[in-house]
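Notes to accompany the following structure.
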Amino acid sequence: QVQLEESGGGLVQTGASLRLSCAASGRTGIRFAMGWFRQAPGKEREFVGTISKIGDTTSVSDSVKGRFTISRGNAKNMVYLQMNNLQPEDTAVYFCAAGRFSLYIRSQSEADYWGQGTQVTVSS
């Protein structure tokens, strides 16, 4: 089995930055495509960003383009989400996702594993 653990969330003011981390543990013998999703209160979970298995391609949603960057760490299945110029509408629980077979994780159906989520709250 594979476990994903997110960290780095917190309460910040508008315009601040945060970096979320996600580390995979367990049966991680292969590289996964990885992604980030978020879910605000009363809303559906939405795509934030994804990175390919070897990290050569990334994609982020239009709502965070120019502010958020996704990257892979040195460990095989470590991924980061650098969030700059945070806005109150970025307030949500952020989830890390990983997929064994997909090239990217752009939809929830492409993910095989999910983390428990980390809360990001941006005050105005």
Side-chain angles (χ1 to χ4, degrees):
Q1 192 53 279
V2 173
Q3 295 81 40
L4 301 179
E5 183 172 3
E6 305 97 336
S7 61
L11 171 63
V12 297
Q13 293 186 331
T14 297
S17 297
L18 280 176
R19 189 176 81 156
L20 304 184
S21 301
C22 174
S25 62
R27 301 186 68 176
T28 59
I30 62 172
R31 279 187 175 268
F32 301 133
M34 301 189 78
W36 289 95
F37 291 74
R38 67 185 182 185
Q39 188 166 18
K43 295 187 177 181
E44 294 187 352
R45 193 172 297 190
E46 65 173 0
F47 167 76
V48 176
T50 185
I51 189 164
S52 62
K53 292 185 178 184
I54 61 173
D56 60 335
T57 305
T58 63
S59 175
V60 296
S61 67
D62 288 342
S63 61
V64 306
K65 194 168 292 183
R67 300 186 298 122
F68 291 13
T69 304
I70 187 169
S71 61
R72 296 192 79 107
N74 291 329
K76 186 181 298 182
N77 290 303
M78 170 74 81
V79 66
Y80 302 105
L81 184 68
Q82 178 66 43
M83 305 185 295
N84 298 328
N85 190 23
L86 283 160
Q87 302 297 311
E89 53 266 33
D90 296 318
T91 295
V93 178
Y94 283 71
F95 296 91
C96 177
R100 291 177 297 173
F101 305 115
S102 300
L103 294 178
Y104 312 102
I105 309 296
R106 292 196 180 103
S107 67
Q108 296 184 60
S109 62
E110 293 176 313
D112 296 298
Y113 309 107
W114 291 91
Q116 294 296 311
T118 185
Q119 177 70 48
V120 172
T121 303
V122 185
S123 64
S124 57

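Numbers here are sequence positions counted from 1.
- The distance from atom CD1 of I51 to atom OG of S59, rounded to the nearest 0.5 Å, is 11.0 Å.
- Side-chain contact between Q119 and T91 is present, with at least one heavy-atom pair separated by less than 4.5 Å.
- Between Q1 and Q3 the shortest side-chain heavy-atom distance falls below 4.5 Å.
- Below 30°, between 30° and 60°, or above 60°: for F32 and Y113 the angle between ring planes is between 30° and 60°, a tilted geometry.
- Closest approach of Q82 and S17 over heavy atoms only: NE2-CB, 4.0 Å.
- Looking at heavy atoms from C-beta onward, R38 lies out of side-chain contact with S61 at the 4.5 angstrom threshold.
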**OP:** Kindly indicate, with the supporting measurements, whether the criterion side-chain hydrogen bond (donor to acceptor under 3.5 Å, both in side chains) is fulfilled by S7 and E5.
**Re:** CA-CA 7 Å; S7 61; E5 183 172 3; over 6 Å; no

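- Residue W36 forms a side-chain contact (heavy atoms from CB on, under 4.5 Å) with just one option from V60, T50, L20, and that option is L20.
- Nearest approach of E6 to Q116, heavy atoms of both residues: OE1-N, 3.2 Å.
- Hydrophobic cluster membership is shared by W114 and V93, with clusters built from Ile, Leu, Val, Met, Phe, Trp and Tyr side chains linked at under 4.5 angstrom.
- Within the 4.5 Å cutoff, the side chain of T58 has no heavy atoms near those of the S71 side chain.
- Rounding to the nearest 0.5 Å places OH of Y94 at 4.0 Å from CZ of F68.
- In this structure, the side chains of V120 and M83 come closer than 4.5 Å at one or more pairs of heavy atoms.
- At a threshold of 4.5 Å between non-hydrogen side-chain atoms, the residues M34 and L4 count as touching.
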